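Below is one structure; the comments refer to it alone.
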2 protein chains.
Amino acid sequence: MDNESKIRDLLSVHGLRKTPIRKEMLDVFMNHDFALSASDLVHKMTVGNDRVTVYRALVSFEEHGILHKASEDKNGVKYALSDHNNPHEHHSDQHIHFICDGCHQTYCIEGVVEHQVKVSSDFQVDRVNFTLHGLCKQCLP
Amino acid sequence: MDNESKIRDLLSVHGLRKTPIRKEMLDVFMNHDFALSASDLVHKMTVGNDRVTVYRALVSFEEHGILHKASEDKNGVKYALSDHNNPHEHHSDQHIHFICDGCHQTYCIEGVVEHQVKVSSDFQVDRVNFTLHGLCKQCLP
DNA sequence: AAACCAAACGCAACAATGTTGCGTTTATGT
DNA sequence: ACATAAACGCAACATTGTTGCGTTTGGTTT
């Protein structure tokens with residue numbers, strides 16, 4: 001296991017147990033630069049293949065801020081490591097979600113979307129969620 | 001039925017049959033100012049309560065541009081009337097989707113979100129999808 | 001108005017995602 | 001080494017959405 005000490009630290013900090021399944025889940029996340037669904041994880045993991053266990057670990061990781069929901073549609077939720085834990089996210093505290101039209105992966109990428117909202121006063125806008133769509137490097141012609 | 005003639009016209013224009021179920025589906029949409037899921041429709045309708053029929057009608061309506069997907073999450077897809085058919089959308093050709101944190105309804109509202117995207121050149125951004133979140137008039141304190 | 005036909009319907013069956021309950025195992029602190 | 005709560009694993013279930021197929025029906029043609 002590659003990022004073993006990083007993973008052990010991460011679990012320790014949050015008071016979570018270092019079980020084989022949870023360690024491998026985080027390892028899988030650290031070895032991918034795109035977001036993963038529960039089903040993705042179950043297929044990629046070598047130890048333990050019970051969906052329920054994975055679902056419960058995902059919820060726990062999200063509650064502890066280790067993971068966040070990167071995208072969500074009728075086919076389910078995809079999670080990604082939060083910035084400060086993600087080896088692919090070095091330079092920013094904030095990221096944007098990009099969904100590739102080619103490979104359909106969800107990437108957490110660096111960048112900013114500057115925006116100004118003008119809507120009817122019948123609605124109080126507290127947040128704006130952006131998702132970018134297009135082609136990633138691998139899928140560009 | 002209130003909007004009967006409007007509904008008959010709409011179905012005629014698109015070469016769709018004026019069946020009781022489809023007429024009532026459109027009627028339900030016209031009597032709501034927020035987006036509806038297949039399940040919402042099944043519960044609100046008085047004639048025909050087969051999920052499959054509703055699903056297939058939704059697909060057909062979307063293909064004909066009568067409806068569009070207003071929001072989508074793990075709990076399913078919500079549809080809304082396209083602007084030109086929607087009695088609640090008088091003044092604009094474009095709308096924005098607003099999801100209320102209180103009632104969790106999805107509204108198609110008038111307004112604009114000006115935005116500028118700055119991201120790594122590893123990703124070619126073709127479209128930007130955004131959703132506004134906050135509180136609607138009914139849910140404001 | 002009778003016949004025709006494709007559109008629409010309705011039922012059964014299925015797949016996938018996600019959740020809950022409950023008994024068992026195991027990581028971890030004492 | 002022991003105790004205990006966290007984590008696991010299994011069965012069962014709910015919901016959304018899809019597919020196949022036979023039947024009904026709206027709309028057209030004759």
Side-chain angles (χ1 to χ4, degrees), chain A residues 1 4-5 7-28 35-64 66-67 69-79 104 106, chain B residues 1 4-5 7-28 35-64 66-67 69-79 104 106:
Chain A
M1 187 176 294
E4 180 155 1
S5 62
I7 288 168
R8 295 183 67 84
D9 284 358
L10 191 49
L11 290 169
S12 278
V13 165
H14 290 94
L16 300 172
R17 288 192 189 172
K18 302 165 196 65
T19 67
I21 289 179
R22 294 188 168 207
K23 284 192 290 183
E24 192 177 15
M25 283 179 66
L26 294 180
D27 193 55
V28 170
L36 301 167
S37 67
S39 154
D40 293 336
L41 284 163
V42 171
H43 293 313
K44 288 175 189 296
M45 289 172 57
T46 60
V47 302
N49 52 356
D50 184 62
R51 290 161 44 243
V52 178
T53 301
V54 170
Y55 278 119
R56 287 203 256 238
L58 288 174
V59 169
S60 170
F61 288 161
E62 198 201 1
E63 284 170 355
H64 285 85
I66 298 173
L67 300 179
K69 290 181 184 173
S71 68
E72 188 173 354
D73 61 21
K74 65 169 182 181
N75 296 125
V77 181
K78 291 184 178 180
Y79 291 89
H104 302 108
T106 300
Chain B
M1 186 178 292
E4 182 156 0
S5 60
I7 288 170
R8 296 182 68 84
D9 284 357
L10 192 49
L11 290 170
S12 280
V13 164
H14 290 94
L16 300 172
R17 289 194 187 168
K18 302 165 196 67
T19 66
I21 290 179
R22 294 187 170 208
K23 285 192 287 182
E24 191 176 15
M25 282 178 66
L26 294 179
D27 193 55
V28 171
L36 301 167
S37 68
S39 155
D40 292 335
L41 285 163
V42 171
H43 293 313
K44 288 175 190 294
M45 289 172 56
T46 60
V47 302
N49 52 355
D50 185 60
R51 288 161 48 245
V52 178
T53 300
V54 170
Y55 278 119
R56 287 203 256 240
L58 287 173
V59 169
S60 170
F61 288 161
E62 199 202 1
E63 284 170 355
H64 285 86
I66 298 173
L67 300 178
K69 289 180 183 173
S71 68
E72 189 174 355
D73 61 20
K74 66 169 180 180
N75 296 126
V77 181
K78 290 185 180 178
Y79 292 88
H104 302 107
T106 301

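Scope of the values below: all heavy atoms of this structure, side chains included, with no hydrogens, waters or symmetry mates. Each chain gets a letter, A, B and so on, in the order the sequences are listed, and its residues count up from 1. Keep in mind the model is a prediction, meaning the values are calculated, not measured.
One finds a side-chain N or O of A:K74 lying less than 4.0 angstrom from the OP1 or OP2 phosphate oxygen of D:dT18. Residue B:T19 has a polar side-chain atom (N or O) positioned under 4.0 Å from OP1 or OP2 of C:dC9. The shortest distance between the side-chain N/O atoms of A:R22 and the OP1/OP2 oxygens of D:dC8 is below 4.0 Å. Applying the 4.0 Å criterion to OP1 and OP2 of D:dC8, one finds that A:R56 has every side-chain N and O outside that range.
Between the side chains of B:D40 and B:S37, at least one donor-acceptor pair of N or O atoms lies under 3.5 Å.
No donor-acceptor contact under 3.5 Å links the side chain of A:R17 to the base of D:dA7.
The separation between A:K23 atom NZ and C:dT26 atom P is 14 Å, rounded to whole Å. Rounded to an integer number of Å, the gap from A:I21 CD1 to D:dA6 P is 17 Å. Taking atom CD on A:E72 and atom C1' on C:dG18, their separation rounds to 11 Å, with Å as the unit. Protein atom CG of B:D73 is 15 Å distant from nucleotide atom P of D:dT15, rounded to whole Å. Here C:dC9 presents its P atom at 12 Å from CD of B:E24, a figure rounded to the nearest Å. Distance, A:Y55 OH to D:dG9 C1': 15 Å, rounded to whole Å. B:N75 places its CG atom 16 Å from the P atom of D:dA14, with the value rounded to the nearest Å. Between A:L11 atom CG and C:dT26 atom P the separation is 18 Å, expressed in whole Å.
For the pair B:R51 and B:G48, nearest-nucleotide mapping onto DNA chain C gives the more 5' position to B:G48. Where A:S37 and B:V52 each meet DNA chain C at their nearest nucleotide, the meeting point lying more 5' is that of B:V52.
B:R17 and B:L11 get closest at one heavy-atom pair: O-CD1, 3.9 Å. Between B:T106 and B:S71, the shortest heavy-atom contact is OG1-OG, 2.9 Å.
B:S39 comes within 4.0 angstrom of the backbone, heavy atoms only, and of no base. As judged by a 4.0 angstrom heavy-atom cut-off over every strand, A:T53 is placed among the base-contacting residues.
B:N49 contributes atom CG, which lies 12.5 Å from atom CG of B:L41 (distance to the nearest 0.5 angstrom). From B:R8, atom CZ reaches atom NZ of B:K18 across 5.5 Å, with rounding to the nearest 0.5 Å.
Checking D:dG27, D:dT18, C:dG10 against the side-chain heavy atoms of B:D50 singles out C:dG10 as nearest.
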